[in-house]
Amino acid sequence: MEKFYVTTPIYYVNDKPHIGHAYTTVIADVLARWHRLNNENVFFLTGTDEHGGKIEKAAAEKHKTPKELVDENSQRYKTAWEKLDISYDKFIRTTDEYHESAVKEFIKKVWDKGDIYKGEYVGFYCLPDERYITESELVNGKCPDCGRDVQKIKEEAYFFRLSKYKEQIVKLIENGLIIPEKNANEILSRLKGDLKDLDITRKSVSWGIKFPFDESHSVYVWFDALLNYLSALNWPDGKEFKEFWPADIHLVGKEIVWFHSVIWPAMLLSAGLPLPKNVMAHGWWTVEGRKMSKSLGNVVDPIEMADKYSADAFRYFLLREKPTWEDGNFSESSLKERINGELMANLSNLVARVLTIAERFEGKIEGNAEIEALIKKQEIIENFEKKDLYSALNLVFEGIRQVNRYVNDKEPWRLEGKELANVLYNSLEAIRISSVFLKPFMPSTAEKIEKKLGIKAQSLSDAVFREFTTKVERGENLFNKVI
Ligand code: MSP
């Protein structure tokens with residue numbers, strides 16, 4: 001049996017989850033569900049990144065201990081993922097004991113390799129991004145990534161010999177580590193410059209894992225966080241590690257590709273471990289045309305969206321509204337338009353129309369699958385394999401539109417006997433097959449369709465026209481109009 005190990009970034013718990021976190025997680029969930037549909041052995045990991053100065057500061061501002069804050073906010077992520085029907089296999093927290101001991105063990109390996117040395121860090125730090133910045137990278141004195149203020153630091157630190165792995169990393173990226181290509185090119189051009197060794201400890205941050213060779217330092221939060229992908233599998237001895245490592249895909253937003261495609265592989269090379277197969281970057285959401293921010297008050301809460309519109313509708317919107325690799329805009333009015341114009345008017349109505357007639361039909365539903373060509377099965381599968389979820393979903397809906405057109409043309413309400421049996425067969429089978437492909441995107445909608453059609457949970461091998469033998473039941477609408 002093939003295995004598939006997919007991860008999301010682990011999220012900072014200085015605050016509650018928003019649409020950006022939900023987006024990365026929903027994409028990972030769709031991929032995990034797709035691979036399960038293919039009967040693969042899937043391990044889907046998500047979790048929370050709980051150390052570092054940013055959390056320390058957020059806790060102090062809220063008059064809480066860091067531990068109180070991370071416990072509270074980590075739980076909010078779990079709640080959000082439950083609401084959004086996220087089928088993770090494991091939720092890791094970097095404050096978990098097993099993670100902390102794996103980090104120390106890993107550092108020992110890198111130390112024994114001779115890849116860590118003591119020095120002094122002189123430069124800048126962006127606290128919201130938890131990243132080091134050199135003077136030449138500053139843009140108008142601010143962080144080049146997020147434009148916020150940076151701190152000046154001059155501090156004793158331990159360094160990881162990142163520069164030593166530069167050539168191997170360039171090769172790895174040239175060989176296709178990063179999806180899509182534009183993000184690979186961006187990293188490659190950054191690698192044309194100097195690659196400096198990485199400061200991996202902070203003396204001035206106390207909310208972190210103690211550096212095992214000098215407890216007056218704590219481990220840099222990114223060095224700690226990246227290791228979650230190993231510790232979650234109970235590295236070094238766990239059976240999960242043996243079964244699932246290396247990761248098949250690390251899913252990340254475009255701003256953290258560098259950490260996953262440069263720093264992370266270098267860490268693994270140093271420890272002599274196999275490298276992940278892919279790092280996939282996705283684009284960012286703006287909200288109502290503007291950058292999302294607390295001060296603008298336009299932060300989209302995924303829990304609220306799921307409660308208001310259903311998990312499936314929100315998941316559908318996230319994947320349908322913009323190409324996965326591009327940036328896009330969220331607005332509640334376009335979410336409503338898609339629910340009314342597509343989920344209700346296309347999908348829900350098609351199912352209701354066909355089932356209303358099929359429910360009353362007495363004879364045997366059989367036919368000749370003349371509409372097989374309308375569902376572009378091969379293309380849908382190819383897009384899933386390329387991880388182009390946006391195109392896969394578009395094609396599924398294109399198919400649903402075509403089936404609607406077919407029903408309009410055939411006017412089954414005027415037909416009877418064999419002719420009617422044939423139109424019903426075609427439409428029901430087309431709906432059933434579409435529901436197989438919809439399953440990773442809208443799991444509970446697909447399940448409702450299966451129930452209406454009287455069939456059991458389906459897998460990819462069911463996406464073929466065959467004899468229709470069950471009794472159907474129209475039941476309630478899949479989607480209703482929202483105002
Ligand atoms: N803790 C690090 C990741 C460590 S992984 C070893 C981190 N956490 S985060 O809380 O900032 O979440 C990052 C994820 O949220 C990224 O995948 C990022 O792209 C996503 N998003 C945050 N804001 C976003 C948007 N406005 N739009 C889309 N996704 C964005 O980074």
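Nothing here was measured: the structure is a model prediction, and the numbers come from that model. Just so you know, ligand 1 is whichever comes first in the structure, and atom 1 is the first atom listed for that ligand.
Geometrically, Arg131 does not engage Trp222 in a cation-pi contact defined by less than 6.0 Å to the ring centre and at most 45° from the axis. With a 6.0 Å cutoff to the six-membered ring centre and a 45° limit on the axis angle, Arg202 does not count as a cation-pi contact of Phe211. In this structure, Lys118 is not positioned above the aromatic face of Phe159 in the sense of NZ or CZ being under 6.0 Å from the six-membered ring centre and within 45° of the axis. A cation-pi arrangement is present between Lys322 and Trp285 under the rule of less than 6.0 angstrom and at most 45 degrees off the ring axis.
Contact check on Glu72 versus Lys64 returns a salt bridge, with a Lys/Arg side-chain nitrogen under 4.0 Å from an Asp/Glu carboxylate oxygen. A salt bridge is defined here as a Lys NZ or Arg NE, NH1 or NH2 lying under 4.0 Å from an Asp or Glu carboxylate O, and Glu40 with Lys3 fails to meet this definition.
In terms of N/O distances under 3.5 Å, ligand 1 is approached by Glu255. Note: no N/O pair closer than 3.5 Å links Trp222 and ligand 1 by distance alone. Close N/O approach between Tyr23 and ligand 1 is not found [any backbone or side-chain N/O within under 3.5 Å]. Among the atoms of Tyr77, none of the N or O lies under 3.5 angstrom from an N or O of ligand 1. Close N/O approach between His260 and ligand 1 is not found [any backbone or side-chain N/O within under 3.5 Å]. Considering backbone and side-chain atoms together, Trp284 places an N or O closer than 3.5 Å to an N or O of ligand 1. For ligand 1, none of its N or O atoms has an N or O atom of Tyr11 under 3.5 Å away. Considering both main-chain and side-chain atoms, Gly253 comes within under 3.5 Å of ligand 1 through a nitrogen or oxygen pair.
Ligand 1 lies within reach of His18, whose nearest heavy atom is under 4.0 Å from it.
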Leu45 and Asp89: side-chain contact (heavy atoms from CB on, under 4.5 Å), yes or no, with the steps?
CA-CA 6 Å; Leu45 174 69; Asp89 295 293; over 6 Å; no
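When hydrogens are left out, the protein atom nearest atom 10 (O) of ligand 1 is Tyr12 N, 3.0 Å; that is the closest non-hydrogen contact. Protein heavy atom closest to atom 6 (C) of ligand 1, with residue, atom name and distance, is Tyr229 OH, 3.5 Å. Distance from atom 27 (N) of ligand 1 to its nearest protein heavy atom, with residue and atom name: Trp285 N, 2.9 Å. Regarding atom 15 (O) of ligand 1, its nearest protein heavy-atom neighbour is His21 CD2, 3.5 Å.
Taking the six-membered ring for Trp and thresholds of 30 and 60 degrees, Trp245 and Phe241 have nearly parallel ring planes, at less than 30 degrees apart. Between His260 and Tyr229, the two ring planes are tilted [angle within 30° to 60°]. Using a 30° and 60° split on the angle between ring planes, Trp111 and Tyr158 fall in the tilted class, from 30° to 60°. Classification of the Phe314-Phe330 ring pair by plane angle, with boundaries at 30° and 60°, yields perpendicular.
Atoms of ligand 1 lying under 4.0 Å from at least one heavy atom of Ala225, given by number and element, are 6 (C). Atoms of ligand 1 found under 4.0 Å from any heavy atom of Pro9 (numbered from 1 in listed order, with element): 3 (C), 5 (S), 17 (O). If you number the atoms of ligand 1 from 1 as listed, the ones under 4.0 Å from a heavy atom of Asp49 come out as 1 (N), 2 (C), 4 (C). Residue-ligand proximity, Gly283 to ligand 1, at heavy-atom distances under 4.0 Å covers atoms 28 (C). Close contacts between ligand 1 and His282 involve ligand atoms 17 (O), 19 (O), 28 (C), 29 (N) [criterion: under 4.0 Å to a heavy atom]. Near Met292, the atoms of ligand 1 lying under 4.0 angstrom from a non-hydrogen atom of the residue are 26 (N).
Inter-residue side-chain proximity for Glu156 and Asp214 is flagged as met; some heavy-atom pair is nearer than 4.5 Å.
A donor-acceptor pair is defined here as one N or O able to donate and one able to accept, closer than 3.5 Å; no such pair exists between the side chain of Arg161 and the backbone of Leu198.
Distances from atom 3 (C) of ligand 1 to the heavy atoms of Thr8, Asn14, Ile10 put Ile10 nearest.
Of all the heavy atoms of Glu130, none lies under 4.0 Å from any atom of ligand 1, so neither backbone nor side chain is involved. Counting heavy atoms closer than 4.0 Å to ligand 1, residue Phe259 contributes nothing at all.
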